Amino acid sequence: MSNLIAINPLTPEVWLIEKAVALLRAGGIVAFPTETVYGLGGDALNPVAIQKIFTAKQRPDWDPLIVHVTGIEMARTLTIDQPAAFEILANTFWPGPLTMVMRQASHVPKEITAGRDTVALRMPRHPVIAALLGTADLPIAAPSANLFGRPSPTCAQHVADDLGDTVDLILDGGRTPLGVESTVLDLTQHPAAILRPGGVAREHIEDVIGDIVVVAYGAESRVDEGLMSPGMSVKHYAPRAAMELFETAAVMEARATALKRDGKRVATIACDGNLEQYAHDLFALLRRFDDEQVDVILAEVPPPQGLGLAIRDRLQRASGLALG
Ligand code: TXA
Ligand code: MG
């Protein structure tokens, strides 16, 4: 693909950053790696660029975008009434996979925030998006660079597969280190609420600001033995194959054996306790199983601590099943 160019993920080539920044300044849209997943970015203050992002992703206009910032100072220019927790959390977790929702300043385009009075902000850590932000000195709106409803992209080929040449440029910086998206924390609620568990663990946030709540798919859930019950309807990150979730490897293996006996093509995702590896590989596996035309994906669910909460959330959204 002519719009896909390799970039050094540790020390990005200056000429490539400048090329991408020129596109962003002209209202273009560029895909790039972040430490979580690939993002599809545009100038957050340019409604034309924002519209291109929604169109390329086929994203419904009610789903607001995250804005990536150079730091606390830029975040302040885009928001009002920042609570004290904002600066404490930003000093602790930025740059990194924590997105904070605050009340927006009036000049933030309504296209970004889907008509809400809040805006979601994060300062990313990956050298490529950090260099883009630093050079452009612009807030960059960037959702994950997948088609709406597909698993988030963790390598440049996923972006090319989903979006092709509807994107002006795809910077290929290899696999993204974390593999799941940022934690979205709503600071306009009291106590603060996790709207989407992600790369920063609930426990680490609570160490800094005390108790918070989790308003997410299966957040406070209990895992029962074996197959989980069908639940909430918001299916997302979805593979084409059917999915089933399991608490234990033994129950999962028995189910796999039974399905294979029935002539089904079965894939399994085991949890060996290494949650970093699980998160890193999850979305790529879901896409690969689709390519291999697997009929059923069986996944072992980790406990809801640390990165486990985010992995459980993504497995539930991918399967359409609710745990507990
Ligand atoms: O790790 C990430 O967050 C990646 C990388 C590219 O930074 N981005 C990402 O963006 O996952 P996206 O658009 O795929 O997910 C953004 C999530 C959505 O669930 C959206 O509804 C929520 O954040 N969100 C955005 N703005 C919001 C707001 N003002 N209030 C509540 N939720 C918001
Ligand atoms: Mg997304």
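Note that the structure is predicted; figures quoted are calculated from it, not measured. Atoms within a ligand are numbered from 1 in the order they appear, just like the ligands themselves.
Ligand-side atoms of ligand 1 in range of L195: 31 (C), 32 (N), range being under 4.0 angstrom from any heavy atom. Atoms of ligand 1 found under 4.0 Å from any heavy atom of A120 (numbered from 1 in listed order, with element): 25 (C), 26 (N), 27 (C), 29 (N). The atoms of ligand 1 that sit less than 4.0 Å from any heavy atom of T118 are 28 (C), 29 (N), 30 (N). Under a 4.0 Å criterion applied to the non-hydrogen atoms of A142, ligand 1 contributes the atoms 6 (C), 8 (N), 10 (O). The distance from ligand 1 to the heavy atoms of E181 drops below 4.0 Å at these ligand atoms: 1 (O), 2 (C), 11 (O).
At the shortest separation from atom 9 (C) of ligand 1 among protein heavy atoms lies S144 N, 3.6 Å. Scanning the protein for heavy atoms near atom 3 (O) of ligand 1, the closest one is S182 OG, 2.5 Å. The protein heavy-atom contact nearest to atom 33 (C) of ligand 1 is P64 CG, 3.7 Å. The protein non-hydrogen atom at the shortest distance from atom 6 (C) of ligand 1 is G39 CA, 3.6 Å. T36 OG1, 3.5 Å is the protein heavy atom nearest to atom 5 (C) of ligand 1. Closest protein heavy atom to atom 21 (O) of ligand 1: D63 OD1, 2.7 Å. For atom 13 (O) of ligand 1, the nearest protein heavy atom (residue, atom name, distance) is R59 NH2, 2.9 Å. Ranking protein heavy atoms by distance to atom 17 (C) of ligand 1, first place goes to R196 NH1, 3.8 Å.
Residue contacts with ligand 1 leave out E35, since none of its heavy atoms falls under 4.0 Å from the ligand. Distances shorter than 4.0 angstrom occur between a heavy atom of H68 and an atom of ligand 1. Taking 4.0 Å as the cut-off, P97 does not count as a neighbour of ligand 1 on heavy-atom distance. Residue contacts with ligand 1 include I66, since one of its heavy atoms falls under 4.0 Å from the ligand.
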#### Entry: Check against side-chain contact (heavy atoms from CB on, under 4.5 Å), V215 and I194
CA-CA 6 Å; V215 190; I194 290 185; over 6 Å; no

### Message
Checking R255 against V251 for the side-chain contact (heavy atoms from CB on, under 4.5 Å) test, could you report, in this order, the C-alpha distance in whole Å, the side-chain angles of both residues, the deciding distance, and whether it holds?
### Response
CA-CA 6 Å; R255 175 71 175 151; V251 179; 5.7 Å; no

### Query
Could you go step by step and tell me if L185 and L98 meet the side-chain contact (heavy atoms from CB on, under 4.5 Å) rule?
CA-CA 7 Å; L185 182 69; L98 177 65; 4.1 Å; yes

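Here K264 does not pair with D295 in a salt bridge; the nearest charged N to carboxylate O distance is not below 4.0 Å. By the 4.0 Å N-to-carboxylate-O rule, E87 lies close enough to R76 to be salt-bridged with it. Ion pairing between a basic and an acidic side chain is recognised when a charged N comes within 4.0 Å of a carboxylate O; R287 and E292 show no such pairing. Between D63 and K57, none of the side-chain N atoms (NZ, or NE/NH1/NH2) sits under 4.0 Å from a carboxylate O, so this pair counts as no salt bridge. Using a 4.0 Å cut-off between charged side-chain N and carboxylate O, D291 and R240 make no salt bridge.
In summary, no N, O or S atom of S152 is located under 2.8 Å from the Mg ion (ligand 2).
No more than 12 heavy atoms of other residues, nucleotides or ligands sit less than 6.0 Å from atom CD of E73.
The two atoms that bring L169 and I5 nearest to each other are CD1-CD1, 3.6 Å, heavy atoms only.
Rounded to the nearest 0.5 Å, atoms CG (L147) and CD (Q58) are 5.0 Å apart.
A centroid separation of 6.0 Å or more is found between the aromatic rings of F54 and W62.
Between R122 and ligand 1, an N or O atom pair is found at a separation short of 3.5 Å.
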